[in-house]
Amino acid sequence: MSVLQPVRGTHDLLAEESRRHRRVEDVAFETARRYGFGEIITPIFEFTEVFSRTLGETSDVVTKEMYTFTDRSGDSITLRPEGTAGVARAFISGGLSQHLPLKLFYRGPMFRHERPQKGRLRQFHQVGVELLGVDGPQADVEVIGLGAQVLVALGLKDKVRLELNTLGDAESRAAYREALVRYLSGHRNELSKESLERLERNPLRVLDSKDEGDKAVVADAPLLTEYLNELSRNFFEHVRAGLDSIGVPAEISPRLVRGLDYYCHTAFEFTTTALGAQGTVLAGGRYDGLISQMGGPSTAGIGWAAGVERLSMLLDETPPADRPLAIIPMGADVGALPLAQRLRQAGFAVELGYSGNLKKRLNRANKLNARAALILGEDELSRQAVAVRDLDTGEQEEIPLVALEDRLARFR
RNA sequence: GCGGGUGUAGCUCAGUUGGUUAGAGCGCCAGGUUGUGGUCCUGGAUGUCGUGAGUUCGAAUCUCAUCACUCGCCCCA
């Protein structure tokens, strides 16, 4: 291993990549703001218990994917593998139950020690939202609608589809889980090795198996919908109707599940087929049991998270870089630096060449995709003016120094 | 964590049955005279052939290990 290599599964984002990345974040935040969400910035590390208790001691994330270390105080610290736990912790430690309902947006790096693949990194980035304190289905519709709108705003509407399911409330889930385990236990010899493990740890996951043998067993398994109580059925109906009413079509996907106990009712995923095995691009659900499980006041919650790298890879075009003005001084003492400072203060993006003759500098200005070159020569200066060359049209004119800001307005 | 593929200049790749100075295109730099770009012409630089061992008179070419990337599984954004 060379220290000159980035750590496995980490990346440097430069130029076009960084602009795509930034675009995803900005569009998500801007859209969330229109839905009334404000930003919360939580630490990227927490006490390990924050994650082990919220994600469940048996989940893959906790058992084998966390970046955990002991700090100099002897505390066990973990780099956050996802965003919800930190937000929930902040909600409790900040006493934010005074401010319900609460709509929070977050963004930033997450860390999971997994085998890297396309669209799956060890340090990756998410944007996400949480809506706390609303237990009715209107919240689900609003949150999913926001997710859909983010994808629309990014131009990805035709590349993703929305899958929706309900897990029912605690009572419905417990009843169903019992029935499912009973059924699957009767078919142990037909299940794959993975699914036998799932049966122990996370039986609902068997429904989602890609193994053909498992699929055959699952085909005759009891259906969750048959175990939904009145309240749960009703809730789901309202979510579906609500999504219809805002023009966000969803496909009901009975095998879409969440394993952890605090999840309930709505589960959804926006998926794409364009990223290989990592098809999920934005996903979330309702987690009414989470905050109380962490020791806070019983509080409803629903949210989603989206993978910034995955979305970034789906963008059709890269946002353009700034198009600066290029100042080209001819001679040493023509005041290029003060002029650059003055124009920058006036709001222009300004590049200053560092070396070379006029031809070379024009060439560089061109490569920077500059809108115009400001040629500062002795002749022009003697007339208190600068030569301004429009690099798109090739037209060149002399502009008096005093009128520069006004006359350059079209290049801003 | 498990299985398959790949790894040659900044980028995309070529490299004959192992043979001596490792190539192309793009990009980069310089020049085509002293203040005018995007085209064109000419010239130039750049590689521990991912890394480390081994086989061999000789390895970018064969073997092994290791690292990274990649595809799939697991899981997930």
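So that the names make sense, note that chain A is the first sequence line, chain B the second, and so on, each numbered from 1. Keep in mind that the numbers below use all heavy atoms, side chains included, and drop hydrogens, waters and symmetry copies. Since we're looking at a predicted model, the values are computed, not measured.
Among the protein residues, A/G128 comes within range of no part of the nucleic acid, since none of its heavy atoms lies under 4.0 Å from any strand.
Side-chain proximity of A/R112 to the nucleotides B/G37, B/C76, B/G35 is greatest for B/C76. Of the candidates B/A77, B/C74, B/U36, the closest approach to any side-chain atom of A/F124 belongs to B/A77. The nucleotide whose nearest atom lies closest to any side-chain atom of A/R198 is, among B/C76, B/U70, B/C75, B/C75. Ranking B/U36, B/A77, B/G37 by closeness to the A/A283 side chain, first place goes to B/A77.
Here B/C57 sits opposite B/G19 as a Watson-Crick or G-U wobble pair (both hydrogen-bonding atom distances under 3.5 Å).
Between the P atoms of B/U16 and B/U6, the separation comes to 15 Å (whole Å).
The base of B/G1 is not paired with the side chain of A/E65 by any donor and acceptor separated by under 3.5 Å. At a cut-off of 3.5 angstrom, the base of B/C75 holds at least one donor-acceptor pair with the side chain of A/R120. Side-chain N/O atoms of A/N366 and base N/O atoms of B/G37 include a donor-acceptor pair closer than 3.5 Å. Not a single donor-acceptor contact under 3.5 angstrom links the side-chain atoms of A/R205 to the base of B/C76. Between the side chain of A/R115 and the base of B/G72, no donor-acceptor pair under 3.5 Å is found.
Screening A/F235, A/F236, A/Y287 for a ring-ring contact (aromatic ring centres under 6.0 Å, His included) with A/H265, the sole residue that qualifies is A/F235.
Within residues 8-41 of chain A, the residues approaching RNA chain B are A/R8, A/G9, by heavy-atom distance under 4.0 Å.
In this structure, A/E82 contributes its side chain and A/A85 its backbone to a donor-acceptor pair below 3.5 Å.
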Tabulated below should be each protein N or O lying under 3.5 Å from an N or O of nucleotides 29-31 of chain B; please produce it.
{"from": "B/A30", "atom 1": "OP2", "to": "A/K360", "atom 2": "NZ", "distance (Å)": "2.6"}

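Contact between the side-chain N/O atoms of A/Q396 and the OP1/OP2 oxygens of B/U36 is not found at any separation under 4.0 Å.
Remark on RNA chain B: of its neighbouring residues A/Q126 and A/R389, the 5'-side contact belongs to A/R389, judged by nearest-heavy-atom nucleotide. Between A/E269 and A/K118, it is A/K118 whose nearest contact on RNA chain B lies nearer the 5' terminus.
The distance from atom CD1 of A/I375 to atom P of B/G37 is 10 Å, rounded to the nearest whole Å.
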